[in-house]
There are 2 protein chains.
Amino acid sequence: MKQRQIDIEQLQEQFRQFLRRKMYRNTQERFRVLERAAEFDRHFTADELYVYMNTSGDKISRATVYSTLDLLTQCNILVKHRFQGDSATYELAARKPNHDHLICRDCGYMIEFQESALLALQDEIARRYGLQAVSHSLQIFASCGDSATCQRRRESSFTTDHDT
Amino acid sequence: MKQRQIDIEQLQEQFRQFLRRKMYRNTQERFRVLERAAEFDRHFTADELYVYMNTSGDKISRATVYSTLDLLTQCNILVKHRFQGDSATYELAARKPNHDHLICRDCGYMIEFQESALLALQDEIARRYGLQAVSHSLQIFASCGDSATCQRRRESSFTTDHDT
DNA sequence: GTTCTTGCAAACCCTTTGCACGTCT
DNA sequence: AGACGTGCAAAGGGTTTGCAAGAAC
């Protein structure tokens, strides 16, 4: 968790406009969830954010965290992922625009990559069916091939995720 | 559910080899799950398969269905999807090779498409990081644009997750 | 005969919900 | 004031697990 060059005020404005458009209320809780979520420079779960907030000064309920994360996802401030089996993870959309995930199916090691060709491809495929593409989610599953490497990566992938 | 030109014997052989390689046992239940799963020409859930089997002559437990579906996914006979929020869905990998999904984020309407460029792209990206691509999962989220159509299509409403 | 698998039900975990209280407009 | 949001705990639903009985090897 660290500060980056995310424009928090712009996100707040974006959220405010979304809430107004949907006739939802401007509550302190909702904006605190946004602020604290924006401190993560990595994927995080709803429960992680809940614990983080409640152990650092923001008393808030799980229900509110979940519901606000849902709102933030609706207005594209957050992106929600459902990787294998576990709980859903979120990340700031602005954190690393248009990245996708390369995942070792044997050890779970995950690499974030950016591939500009995908944007054009997503648009073209949607157009092919008369739709307008909004976003996409791509995971490539691979194997390390080298089992020693795979094992080493397994350890690091579960302990260090604090930096991208 | 209907029969297609799936080579069930080849799948059984593939499964047998996988079990042998992993030192797992050849049980009747495992092969019955494979046979019955292969009858679906669409996505299905573990529970659907469980109910289907138990209402048509194959008495089997949920635990076995779940565990066998996991094995069949491990050996690439099935593909497992985790679309929005609900339960996981499976489908035969051989059913429609290398297809991906185009989903209307407003009404949930889903189109299966095939795009051969993606295969090359998945391989190239994995290679870029020294890995060997096995498969991928791509969802493109779009909007219908036409609200009338979208509303008609709306049977279940939900927010868009980016899932595996 | 030993080990793995199955079946059953209960446990589990993440997420959602119902209701009373509090807050926003 | 009225409607909506929050907090709490309990319910919910898909999936996994523990243990005894049964099959595979």
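Letters A, B, ... are given to chains in the order of the sequence lines, protein chains preceding strands, and every chain is numbered from 1. Side chains are part of it too, since the values below use all heavy atoms of this structure and drop only hydrogens, waters and symmetry mates.
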Pairs under 3.5 Å (N/O, protein and nucleotides 3-7 of chain C):
{"residue": "C:dT3", "atom": "O2", "partner": "B:Arg25", "partner atom": "NH1", "Å": "2.6"}
{"residue": "C:dT3", "atom": "O2", "partner": "B:Arg25", "partner atom": "NH2", "Å": "2.9"}
{"residue": "C:dC4", "atom": "O4'", "partner": "B:Arg25", "partner atom": "NE", "Å": "3.4"}
{"residue": "C:dC4", "atom": "O4'", "partner": "B:Arg25", "partner atom": "NH1", "Å": "3.0"}
{"residue": "C:dC4", "atom": "O4'", "partner": "B:Arg25", "partner atom": "NH2", "Å": "3.2"}
{"residue": "C:dT5", "atom": "OP1", "partner": "B:Arg25", "partner atom": "N", "Å": "3.4"}
{"residue": "C:dT5", "atom": "OP1", "partner": "B:Arg30", "partner atom": "NH1", "Å": "3.1"}
{"residue": "C:dT5", "atom": "OP1", "partner": "B:Arg30", "partner atom": "NH2", "Å": "3.2"}
{"residue": "C:dT6", "atom": "OP1", "partner": "B:Thr27", "partner atom": "OG1", "Å": "3.0"}
{"residue": "C:dG7", "atom": "OP2", "partner": "B:Ser61", "partner atom": "N", "Å": "3.1"}
{"residue": "C:dG7", "atom": "OP2", "partner": "B:Ser61", "partner atom": "OG", "Å": "3.3"}
{"residue": "C:dG7", "atom": "OP2", "partner": "B:Thr64", "partner atom": "OG1", "Å": "2.7"}

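When DNA chain D is scanned 5' to 3' for any atom under 4.0 Å from a heavy atom of chain B, the first and last hits are D:dG14 to D:dC25.
In this structure a side-chain-to-backbone donor-acceptor pair under 3.5 Å is present from B:Thr55 to B:Tyr52.
Within 4.0 Å of B:Asp47, counting heavy atoms only, lies no atom of the nucleic acid at all.
There is no side-chain donor-acceptor pair under 3.5 Å between B:Glu48 and B:His43.
Between B:His101 and B:Phe83, the angle of the ring planes goes over 60°, which puts this pair in the perpendicular group of the 30/60° scheme. Between B:Phe18 and B:Phe15, the ring planes lie parallel to each other; the angle is under 30°, not in the 30° to 60° tilted range.
In this structure, the separation between CD on B:Gln28 and CZ on B:Arg32 is 6.0 Å, given to the nearest 0.5 Å. To the nearest 0.5 Å, atom CD of residue A:Gln139 and atom CG of residue A:Asp100 are 7.5 Å apart.
Here B:Arg128 pairs with A:Glu115 in a salt bridge; the nearest charged N to carboxylate O distance falls below 4.0 Å.
Regarding A:Leu69, its CG atom lies at a distance of 14 Å from the C1' atom of C:dT16, rounded to whole Å. In this structure, CG of A:Leu19 is placed 12 Å from C1' of C:dC24, rounded to the nearest angstrom. Straight-line distance from the OH atom of B:Tyr66 to the C1' atom of C:dC12: 13 Å, rounded to whole Å.
With sequence neighbours excluded, the residues satisfying side-chain hydrogen bond (donor to acceptor under 3.5 Å, both in side chains) with B:Ser56 are B:Arg36.
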